[in-house]
J.: 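Quick one: this structure, given as structure tokens, is what I'll be asking you about.
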Protein chains: 2
Amino acid sequence: MNTSFAVATHIVTYLAFARGSAASSEQIAEHLQTNPVVVRRLMSLLRDAGLVKTKLGARGGALLARCPTKISLRDIYEAIEGDDADLFALSAAQKEGCNRIMASVQATLEDICASAEETMKRVFGKVSVAQIIERSSSFPK
Amino acid sequence: MNTSFAVATHIVTYLAFARGSAASSEQIAEHLQTNPVVVRRLMSLLRDAGLVKTKLGARGGALLARCPTKISLRDIYEAIEGDDADLFALSAAQKEGCNRIMASVQATLEDICASAEETMKRVFGKVSVAQIIERSSSFPK
DNA sequence: CTAAATGTAACTAATTTTGTTACAAATTTA
DNA sequence: TAAATTTGTAACAAAATTAGTTACATTTAG
């Protein structure tokens, strides 16, 4: 199902709401109804991408590394999925044993998929975490 | 890994090469190095979407239902993935038990993901099976 | 020093995807 | 009409992926 991107986005929006006070993985996990280790795993990816800062030890936890207006969904997507998500791949076995024609078709297909994914990422790139919060809190109760 | 889209695309290009003579699931499966039932399952989806025609019985098999110039990768994508692939969903449990703020963020996120997917599909919509074959066969040997 | 927290490895469980077996129904062809 | 071939689909098995859990070393605040 691949819920990582959605969960990671919720982590970041949670931190945006937290506004500077460090949130623990326990807190966040409770909020997202998941496990603290799941949160810490995703948090590590977000940290490696420079989106959050984490603090070890008592009263530790995570903070946004920069303003929510400067964090896009694309930043989160790339932090989680890596640079080439290969959304629509073939199995390794199929790639190996195939004939010349099929290999060409596959190469073409991968090209097109890469450009489709890039287009999708551009959509994500246009949306900041701040905008998500804005859009969300202006919903009618 | 979700190889269905890629496999389905190879099925369709195979049929395009076959040019009017019915191909059996056995033939195609051998070509794609997979199982005939896997091919038949995807074929059923392609048939339901009106992209191919299938013939029961001896000397049966599958044919393209229309010219390769009139079949786009978007047609194949939608045949296989359905109209809403929910590429980046949350688990049902998480969706249910979450508070108002998180629910709003989730709704916003789903919106954005839907539009990202639509953008991706538009890229697929611009490429026909005929073009894939053209691009592929013009590769250097 | 103690308590609280991250970071990560290792494992288990759940889910999803792929492959397989089996067989009824349809169709061609001899 | 009988035999052979092929789809369509259900039911099951195996493999792969994803999510959740346990455990614990390390770090830091107080």
Side-chain angles (χ1 to χ4, degrees), chain A residues 1-8 10-11 15 18 21-49 51-63 65 80-82 85-95 97, chain B residues 1-8 10-11 15 18 21-49 51-63 65 80-82 85-95 97:
Chain A
M1 209 174 257
N2 200 2
T3 65
S4 297
F5 175 53
V7 172
H10 281 287
I11 290 175
L15 294 180
S21 70
S24 72
S25 59
E26 188 107 25
Q27 255 182 276
I28 300 172
E30 192 184 15
H31 187 247
L32 303 190
Q33 298 182 105
T34 182
N35 191 287
V37 176
V38 172
V39 172
R40 294 207 285 270
R41 275 203 289 246
L42 293 171
M43 196 69 83
S44 292
L45 295 174
L46 295 170
R47 172 170 43 70
D48 292 348
L51 305 183
V52 306
K53 283 177 193 160
T54 57
K55 251 173 42 186
L56 288 173
R59 308 274 165 158
L63 298 159
I80 301 304
E81 306 285 345
D86 273 353
L87 250 35
F88 310 112
L90 273 189
S91 76
Q94 284 168 324
K95 273 192 182 180
Chain B
M1 212 173 256
N2 201 3
T3 66
S4 297
F5 176 53
V7 172
H10 282 286
I11 291 174
L15 295 179
S21 70
S24 72
S25 60
E26 188 107 26
Q27 256 182 274
I28 300 172
E30 192 185 13
H31 186 247
L32 303 190
Q33 298 182 108
T34 181
N35 191 286
V37 177
V38 171
V39 172
R40 294 208 285 273
R41 276 203 287 244
L42 291 172
M43 196 68 84
S44 293
L45 294 174
L46 295 170
R47 173 171 42 69
D48 293 347
L51 304 183
V52 307
K53 283 177 192 160
T54 58
K55 250 173 45 184
L56 288 173
R59 310 272 165 161
L63 299 158
I80 301 304
E81 306 285 346
D86 274 353
L87 250 37
F88 310 112
L90 271 189
S91 75
Q94 285 167 325
K95 272 191 182 181

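These numbers were taken from a predicted model, which means no experiment stands behind them. For the numbers below, each heavy atom of this structure counts, side chains included, while hydrogens, waters and symmetry mates do not. Proteins come first, then strands; the chains are lettered A, B, ... in the order of their sequence lines, and each starts at number 1.
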J.: Contact class for B/S91 (heavy atom, under 4.0 Å): base, sugar-phosphate, or nothing?
T.: nothing
J.: I need the CG-P distance between B/L42 and C/dT17, as an integer number of Å.
T.: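 Whole-Å distance recorded here is 12 Å.
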J.: Return the value, rounded to whole Å, for the distance between atom CG of B/N2 and atom C1' of D/dT18.
T.: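 In whole Å, D/dT18 C1' and B/N2 CG are 14 Å from each other.
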J.: Distances for protein N/O vs nucleotides 1-8 of chain C N/O pairs under 3.5 angstrom?
T.:
from	atom 1	to	atom 2	distance (Å)
C/dA4	N3	A/A58	N	3.3
C/dA5	O4'	A/G57	O	3.3
C/dT6	OP1	A/S25	N	2.7
C/dT6	OP2	A/S25	OG	2.7
C/dG7	OP1	A/R47	NE	3.1
C/dG7	OP1	A/R47	NH2	3.4
C/dG7	OP1	A/T54	OG1	2.6
C/dG7	N7	A/R40	NE	2.9
C/dG7	O6	A/R40	NH2	3.1
C/dT8	O4	A/R40	NH2	3.4

J.: Say you draw a straight line from OG of A/S25 to CZ of A/R41; how long is it, rounded to the nearest 0.5 Å?
T.: 12.0 Å
J.: Do A/V7 and A/H10 come within less than 4.5 Å of each other through their side chains, counting heavy atoms only?
T.: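 When only atoms from C-beta onward are counted, A/H10 and A/V7 do not touch, as no gap falls below 4.5 Å.
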J.: As an exercise, state the distance from CD of A/E26 to CZ of A/R40, rounded to the nearest 0.5 Å.
T.: 8.0 Å
J.: In residues 27-34 of chain A, which residues come under 4.0 Å of DNA chain D by heavy atom?
T.: A/T34
J.: Give the minimum heavy-atom separation between B/T3 and A/S91, together with the two atoms involved.
T.: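 In terms of heavy atoms, the two residues are closest at CG2-N, 3.8 Å.
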J.: What's the CG-P distance between A/L90 and C/dT17, to the nearest Å?
T.: 16 Å
J.: Measure across B/Q33 and A/Q94 and return the closest heavy-atom pair with its distance rounded to 0.1 Å.
T.: NE2-O, 3.5 Å
J.: Can you give me every donor-acceptor pair (side chain of residues 51-62 of chain A, partner residue at least two apart or in another chain, under 3.5 Å) with its distance?
T.:
from	atom 1	to	atom 2	distance (Å)
A/T54	OG1	A/R47	NE	3.2

J.: Could you state the atom-to-atom distance from CG of B/L45 to P of C/dT17 in whole Å?
T.: 13 Å
J.: From CG of A/D86 over to P of D/dA16, roughly how many Å is that when rounded to an integer?
T.: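 To the nearest whole Å, that distance equals 17 Å.
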J.: List the steps, then state whether side-chain contact (heavy atoms from CB on, under 4.5 Å) holds for B/Q27 with B/V39.
T.: CA-CA 10 Å; B/Q27 256 182 274; B/V39 172; over 6 Å; no
J.: If I take atom CG from residue A/D48 and atom CD1 from residue A/I80, how far apart are they, to the nearest 0.5 angstrom?
T.: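 CD1 of A/I80 is found 10.0 Å from CG of A/D48.
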J.: What is the distance, to the nearest angstrom, from the CG atom on A/N35 to the P atom on D/dG20?
T.: 7 Å
J.: Looking only at heavy atoms, which two atoms of A/L15 and A/A23 are closest? And how far apart?
T.: CD2-CB, 3.8 Å
J.: Can you tell me how far P of D/dT18 sits from CG of B/L87, to the nearest Å?
T.: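 It works out to 12 Å between those atoms.
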